[in-house]
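What follows is one structure encoded as structure tokens, with my remarks underneath.
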Amino acid sequence: MTDRQGGFRGWAADRKGAVSRLRFTSLRLRLVVVFGLVALTAAVSASGIAYWLNREAVLTRTQDAVLRDFQQEMQNRAGVLPIHPSQDELQRTAGQMANSSQRFSVLLVGQDPDGKTVYGSSDGLSAFALDDVPRSLRTAVDKQQKLADSNKSAYHLYWQRVVDHGTPYLVAGTRLIGGGPTGYMMKSLEPEAKDLNSLAWSLGIATGLALIGSALLAQAAATTVLKPVHRLGVAARRLGEGKLDTRLRVSGTDELADLSRTFNDAAEALEKRVDDMAARDDASRRFVADMSHELRTPLTAITAVTEILEEELEAESGSMDPMIEPAVRLVVSETRRLNDLVENLMEVTRFDAGTARLVLDDVDIADQITACIDARAWLDAVDLDAERGIHARLDPRRLDVILANLIGNALKHGGSPVRVSVRIEQEEGEDLVIAVRDHGPGIPEDVLPHVFDRFYKASASRPRSEGSGLGLSIATENARIHGGTITAANSPEGGAVFTLRLPRDASTLTEESQDAGEKDA
């Protein structure tokens, strides 16, 4: 079943790739269409001109031969007839005229000695008749022309092409000068029409072959032109994916080769710039880590001294000089703040270095939140809305850090009471959603995009505060390595709302991350 599914998916992927290559916005398709239209236009034009020239040549040659033969027959045979011939004489002469080399039908019209109109047809009385001759042609034949220097004859030979039941015919007529019968001729042009139809089919086939050839030529040209473009697109995607060592093989001296060289130069410059930035970033992280590490040793000693001073402050004996008591309290407060800052910097460097790891355990969310609030003596200022029995597989220590930062931030800047609510949402999977809402003035709209930035403080007029400016950033990083997110917004009912969304089981994410790490290795 797996093989069949794999085969079907492969076929679907190939089909999708072929369709994408031939989509209407594809340069390949446009090249093929343009080549095809140019070839079609040229082939149709050439075929049309060739057909028209051949048609005129064939018809003119046949027509001239027939008319010349008919005119000769009228002079040689009809010209010897009496001015008033009988029907038998007309019939016999028409038959003799039809036996000429061109084999046409003849109709002779005259008047017998009694003044009666008589007819003689080479095909018999029921064949070629006067009604088969167009009226306009008969009128032109019977019309006597004026004699002049440019016109030596009173009557002329006239012809016309007609179509009868789908068959083309050449019809011509003339009168004898000096009196005598009027002759009409009808010649079938069906053989010539068949020849012209064969020529048209041949030209159509040639046009089709030219169109197919142009499409194949366009495909070959498109492949030749677009292959470097395709390689450039693949290289650009690889570069966008972070593979900065991607380079193109350059061959030739055309514009595409220049483009490839430009791409290689840009990729090399980008790689150098990124390497320099990465080196500076690594040096900065090492500096922060080393500085934080080095500060921990003297801070440990300073913290021990401040604890002694704090005990002296809290002693009831009053041994502390009232004059130095404010300074001692300031030293104790700032030492704690400095210790928190160093711990936060150490945590940030672990996130930046990618060494932060989850230690997962099954956690009762309500118990975890209660423990976090109780450990910091916030029970009187926080309302918890969480059902017991909601379990999740998370890192308890990092969840405690997230909750402490969110609740502490709400108490510090929003004011009590702070409400913490827990719910489970099922969309693509089961997600744990923890919302922390305060009843303060809310967060200004210009501050909302920056609340999770490092060292960002909403109150610019109070640059010195108890916080380090890293709490929300560390909370966001802890949520991210769980595969979750933290968002900040203002509640319609007033106050700010921070929403923590975590997968209910982070073990799957950890396994996927480990698999990805093994593949990268």
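By convention here, the first residue in the shown sequence is residue 1.
Nearest heavy atom pair, residue Ile481 against residue Asn478, reads CG1-O, 3.3 Å. Summarising the geometry of Ser122 relative to Phe104, their closest heavy-atom pair is OG-O, 4.4 Å, with the distance given to 0.1 Å. A pairwise comparison of heavy atoms in Gly120 and Ala94 identifies O-CB, 3.5 Å as the closest pair. Between Leu394 and Pro503, the closest heavy-atom pair is CD2-O, 3.6 Å. The shortest non-hydrogen separation linking Pro134 to Val171 is CD-CG1, 4.2 Å. Nearest approach of Arg247 to Glu268, heavy atoms of both residues: NH2-CA, 3.2 Å.
Between Asp142 and Arg138, none of the side-chain N atoms (NZ, or NE/NH1/NH2) sits under 4.0 Å from a carboxylate O, so this pair counts as no salt bridge. Between Arg61 and Glu192 there is no salt bridge, since none of the side-chain N atoms of the basic residue sits less than 4.0 Å from a carboxylate O of the acidic one.
Applying the side-chain contact (heavy atoms from CB on, under 4.5 Å) test to Ala140 and every residue at least two apart in sequence or in another chain returns Tyr158. When the side-chain contact (heavy atoms from CB on, under 4.5 Å) test is applied to Val250, the partners found at least two apart in sequence or on another chain are Ala257, Ser260, Arg261, Asn264. Taking the side chain to side chain donor-acceptor pair (under 3.5 Å) definition, one finds that Arg423 meets it with Glu425, sequence neighbours left out. Among residues two or more places apart in sequence or in another chain, the salt bridge (charged side-chain N to carboxylate O under 4.0 Å, His left out) test is passed with Arg231 by none.
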Below 3.5 Å, can you tabulate the donor-acceptor pairs from side chains in residues 110-118 to any protein atom, sequence neighbours excluded?
unit_1 : atom_1 : unit_2 : atom_2 : d
Asp112 : OD1    : Asp114 : N      : 3.1
Asp112 : OD1    : Gly115 : N      : 3.1
Asp112 : OD1    : Lys116 : N      : 2.7

What donor-acceptor contacts under 3.5 angstrom involve side-chain atoms of residues 198-205, with partners at least two apart or in another chain?
unit_1 : atom_1 : unit_2 : atom_2 : d
Ser198 : OG     : Lys194 : O      : 3.1
Ser202 : OG     : Ser198 : O      : 2.9

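Side chains of Leu170 and Trp159 form a contact here, defined as non-hydrogen atoms less than 4.5 Å apart. Thr499 is listed as a side-chain neighbour of Val497, based on a closest heavy-atom distance under 4.5 Å. Annotation: side chain of Tyr155 is not in contact with side chain of Leu176 (no heavy-atom distance under 4.5 Å). Residues Asn490 and Leu448 form a side-chain contact, since some pair of their non-hydrogen atoms from C-beta on lies under 4.5 Å apart. Counting heavy atoms from C-beta outward, Ile424 and Asp431 have side chains that stay 4.5 Å or more apart. The closest side-chain heavy-atom distance from Leu81 to Pro181 is below 4.5 Å. Between Val433 and Val422 there is no side-chain heavy-atom pair separated by less than 4.5 Å. Between His450 and Asp453 there is a side-chain heavy-atom pair separated by less than 4.5 Å.
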Evaluate side chain to side chain contact (heavy atoms under 4.5 Å, CB included) for Lys272 paired with Val274, printing each intermediate quantity in order.
CA-CA 5 Å; Lys272 186 177 182 301; Val274 171; over 6 Å; no

Test side chain to side chain contact (heavy atoms under 4.5 Å, CB included) on Glu73 and Gln96; report intermediate values, then the result. CA-CA 9 Å; Glu73 291 293 327; Gln96 293 173 349; 5.9 Å; no

_Go through it in stages, so that I can follow the logic: the residues are Arg504 and Arg393, the test is side chain to side chain contact (heavy atoms under 4.5 Å, CB included), and I'd like the CA-CA distance, side-chain angles, deciding distance and then a yes or no._
CA-CA 6 Å; Arg504 196 168 181 180; Arg393 186 163 180 77; over 6 Å; no

Given Leu502 and Leu399, is the side chain to side chain contact (heavy atoms under 4.5 Å, CB included) satisfied, shown in steps?
CA-CA 10 Å; Leu502 299 175; Leu399 180 60; 4.1 Å; yes

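Remark: the backbone N or O of His482 is not paired with any side-chain donor or acceptor of Arg398 at under 3.5 angstrom. Judged by distance alone, with hydrogens and angles left aside, the side-chain atoms of Thr93 form no donor-acceptor pair with the main-chain N or O of Leu90 at under 3.5 Å. A donor-acceptor pair under 3.5 Å links the side-chain atoms of Glu89 to the main chain of Ser86, judged by distance alone. Under a 3.5 Å cut-off, the side chain of Thr246 and the backbone N or O of Arg238 do not form any donor-acceptor pair. No donor-acceptor distance shorter than 3.5 angstrom exists from the side chain of Thr167 to the backbone of Glu190, with no hydrogens or angles considered. For Asn405 (side chain) and Ile402 (main-chain N/O), no donor-acceptor pair under 3.5 Å exists by modelled atom type. Using modelled atom types, no side-chain atom of Asp69 and backbone atom of Ala65 make a donor-acceptor pair closer than 3.5 Å. Side chain of Gln91 to main chain of Ser121: a donor-acceptor pair is present (N/O by atom type, distance under 3.5 Å, no hydrogens or angles).
Defined by atom type and a distance below 3.5 Å, a donor-acceptor pair is present between the side-chain atoms of Arg161 and Gln63.
Rounded to the nearest 0.5 angstrom, Ser100 OG and Phe70 CZ are separated by 10.0 Å. In this structure, CE in Met185 is found 12.0 Å from CG in Leu107, a value given to the nearest 0.5 Å. The CG atom of Leu108 sits 12.0 Å away from atom OH of Tyr119, with the distance rounded to the nearest 0.5 Å. Distance check, rounded to the nearest 0.5 Å: CZ of Phe452 to CZ of Phe498 gives 5.5 Å. Annotation: the span from Arg175 atom CZ to His156 atom NE2 amounts to 13.0 Å, rounded to 0.5 Å. Note: Thr476 OG1 to Ile486 CD1 = 4.5 Å, rounded to the nearest 0.5 Å.
In summary, of the residues considered (Asp132, Val106, Thr174, Val109), a side chain to side chain contact (heavy atoms under 4.5 Å, CB included) with Tyr184 occurs for Val109 alone.
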